[in-house]
Asker: 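Okay, handing you the structure first.
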Amino acid sequence: MVSRSSILTLVAPLVLGSRSAEGAVTQVAVDVEPYAGVYVPTGSVTSDLRQHTSLTLGTRLSVWLFGRVGIEGTVNYALSHVSWTEGIQPSSNYSPSTAAHLTAVTARAIVSLTPQAAATALHVGGGIGSVGYGGAAYCCDTYLQTSGTTFLTGVVNAGAGFRLGPQLALRVDAEDYLYHTRFQCRSGGGGPVACYFLGGGPHSAGQMDVVMSLGLEFRLSRH
């Protein structure tokens, strides 16, 4: 016959495990944040061609899985036109349009440095993503489109959330995108204005773009 003490020995770990799992589940929270900010390119596409500082808009989704640790995804759009060194006039067989934009998509880990329920919650994060160049200034040279205008990036961020209520917070962030561009246009001239400055061969350059943003963070659920 199985003794009562044996049954308790078998059941106790299951009960404790279920309570631990329940505790872990209660820590899961989902936040969504539409935001606006400033996109600041600190480098140049070439020595003569650069992107402009501009308004940026985005959305951030955060899933807190283990209390202070979670995962986060962002989509960011900056309407950043191009300009070039004063006194340079591109050849007339190039498109004169300077219209351009950048789109960044990232996935990262995020860590809260303070309790999330605190009036001011600090956080840091890091991960990877992609940055894509578009608009008339980059469209539509056959070689440029074939070689690609989207590049892998690393991203780090730091910020703070200011609790306005149980389901609402004001969030500020600074993000740093670190990547290399590698463009290639056809030889012989013509095409979008960016190709005038990129030339016919491959052109690679290190980039560091900064995004500073302010948004309203809504807590959609907490389990």
Asker: Donor-acceptor pair, Q167 side chain versus R219 backbone, under 3.5 Å?
Answerer: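 Yes: the side chain of Q167 pairs with the backbone of R219.
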Asker: Minimum heavy-atom separation for A160 to H123, with atom names?
Answerer: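 Shortest heavy-atom separation between A160 and H123 comes out as N-CE1, 3.3 Å.
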Asker: Minimum heavy-atom separation for T56 to V211, with atom names?
Answerer: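 Answer, listing the atom of T56 first, then V211: CG2-CG1, 3.9 Å.
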Asker: Please check if the side chain of S80 supplies one atom and the backbone of H52 the other of a donor-acceptor pair under 3.5 Å.
Answerer: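 Side chain of S80 to backbone of H52, a donor-acceptor pair under 3.5 Å: yes, one is there.
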Asker: Would a hydrophobic clustering, with Ile, Leu, Val, Met, Phe, Trp and Tyr connected at side-chain separations under 4.5 Å, put M208 with Y179?
Answerer: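 No; tracing contacts between hydrophobic side chains, which count when under 4.5 Å, never links both residues.
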Asker: List the atom of G135, the atom of H101, and the distance in Å for their closest heavy-atom pair.
Answerer: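 Scanning both residues, the minimum pair turns out to be N-CE1, 3.3 Å.
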Asker: Which atom pair, heavy atoms only, marks the closest approach of L144 to C195?
Answerer: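 The pair with the smallest heavy-atom distance is CD2-SG, 4.1 Å.
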Asker: To the nearest 0.5 angstrom, please state how far the OG1 atom of T120 sits from the CZ atom of R163.
Answerer: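 Interatomic distance, T120 OG1 to R163 CZ, rounded to 0.5 Å: 10.5 Å.
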Asker: Report yes if the side chains of Y35 and N76 come closer than 4.5 Å at any heavy-atom pair, otherwise no.
Answerer: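 Side chain of Y35 against side chain of N76, heavy atoms only: contact under 4.5 Å found.
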Asker: Between P90 and V193, which heavy-atom pair has the shortest distance, and what is it?
Answerer: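 For P90 and V193, the tightest heavy-atom pair comes out as CG-CG2, 3.9 Å.
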Asker: Does D173 come within less than 4.0 Å of R60, counting only side-chain N to carboxylate O?
Answerer: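 Looking at R60 together with D173, the answer is yes, because their closest N to O distance falls below 4.0 Å.
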Asker: For the hydrophobic clusters of this structure (ILVMFWY residues joined by side-chain heavy atoms under 4.5 Å, transitively), does one cluster hold both L216 and L57?
Answerer: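 No, separate clusters.
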Asker: Can you measure from CG (L65) to CD1 (I110) and round to the nearest 0.5 angstrom?
Answerer: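 One gets 11.5 Å once the value is rounded to the nearest 0.5 Å.
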Asker: Nearest 0.5 angstrom please: M212 CE to D176 CG, how far?
Answerer: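 Result: 10.5 Å between the selected atoms.
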Asker: Mind listing the closest non-hydrogen atom pair of P192 and A136 along with its distance?
Answerer: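 Nearest heavy atoms, P192 then A136: CB-O, 3.6 Å.
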Asker: Under the 3.5 angstrom rule, does the side chain of T114 hit a backbone N or O of L122 as a donor-acceptor pair?
Answerer: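 Yes; judged by distance alone, with no hydrogens or angles, the pair exists.
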Asker: By side-chain contact (heavy atoms from CB on, under 4.5 Å), which residues pair with A100, not counting sequence neighbours?
Answerer: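 Partners of A100 under the side-chain contact (heavy atoms from CB on, under 4.5 Å) test: Q51, V82, A137, Y138.
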Asker: Does the side chain of L55 reach to within under 4.5 Å of the side chain of L79, using non-hydrogen atoms?
Answerer: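 They are not in side-chain contact.
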Asker: Quick one: does V45's side chain get under 4.5 Å of F197's, heavy atoms only?
Answerer: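 A side-chain contact under 4.5 Å is absent here.
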Asker: Between T181 (side chain only) and A205 (backbone N and O only), is there a donor and an acceptor less than 3.5 Å apart?
Answerer: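 Yes; at least one donor-acceptor contact below 3.5 Å.
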Asker: Say whether, by atom type as modelled, one donor and one acceptor occur between the side chain of S91 and the main chain of Y94 under 3.5 angstrom.
Answerer: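 The answer is no, because no donor-acceptor pair under 3.5 Å joins these two groups.
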Asker: If I take atom NE2 from residue H203 and atom CD from residue Q184, how far apart are they, to the nearest 0.5 angstrom?
Answerer: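 It is 12.0 Å, given to the nearest 0.5 Å.
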Asker: The test is ring pair (Phe, Tyr, Trp, His ring centres under 6.0 Å); show your working for F183 and F151 and say whether it passes.
Answerer: CA-CA 10 Å; F183 295 107; F151 310 98; 5.2 Å; yes
Asker: Would V172 end up clustered with V156 when hydrophobic side chains under 4.5 Å apart are linked, directly or stepwise?
Answerer: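 Different clusters: V172 never reaches V156 through Ile, Leu, Val, Met, Phe, Trp or Tyr contacts under 4.5 Å.
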Asker: Measuring only between side-chain heavy atoms, which start at C-beta, is D209 closer than 4.5 Å to V40?
Answerer: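 Sidechains of V40 and D209: no contact.
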Asker: In terms of hydrophobic clustering (I, L, V, M, F, W, Y; side-chain heavy atoms under 4.5 Å; direct or indirect links), are L61 and V105 co-clustered?
Answerer: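 Result: no, two separate clusters.
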Asker: For residues L168 and V30: do they belong to one hydrophobic cluster (side chain heavy atoms under 4.5 Å, members Ile, Leu, Val, Met, Phe, Trp, Tyr)?
Answerer: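 Linked, L168 and V30 end up in one cluster.
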Asker: Using only atom types and a distance under 3.5 Å, with no angle test, would you say the side chain of T153 pairs donor to acceptor with the backbone of L178?
Answerer: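 Yes, the answer is positive, given that a donor and an acceptor are paired below the 3.5 Å cut-off.
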Asker: What's the spacing between S204 OG and L198 CG if we round to 0.5 Å?
Answerer: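 Output value for this atom pair is 11.0 Å.
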Asker: Evaluate the side chain to side chain contact (heavy atoms under 4.5 Å, CB included) criterion for residues W84 and T98: first the C-alpha distance (whole Å), next the side-chain angles of each, then the deciding distance (0.1 Å), finally the verdict.
Answerer: CA-CA 10 Å; W84 46 84; T98 61; 3.6 Å; yes
Asker: Roughly how far, to the nearest 0.5 Å, is the CD atom of E72 from the CH2 atom of W64?
Answerer: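 W64 atom CH2 to E72 atom CD measures 7.0 Å (nearest 0.5 Å).
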Asker: Ignoring hydrogens and angles, tell me if any N or O in the side chain of S213 forms a donor-acceptor pair with the backbone of A36 under 3.5 Å.
Answerer: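 Flag not set: sc S213 to bb A36 has no pair under 3.5 Å.
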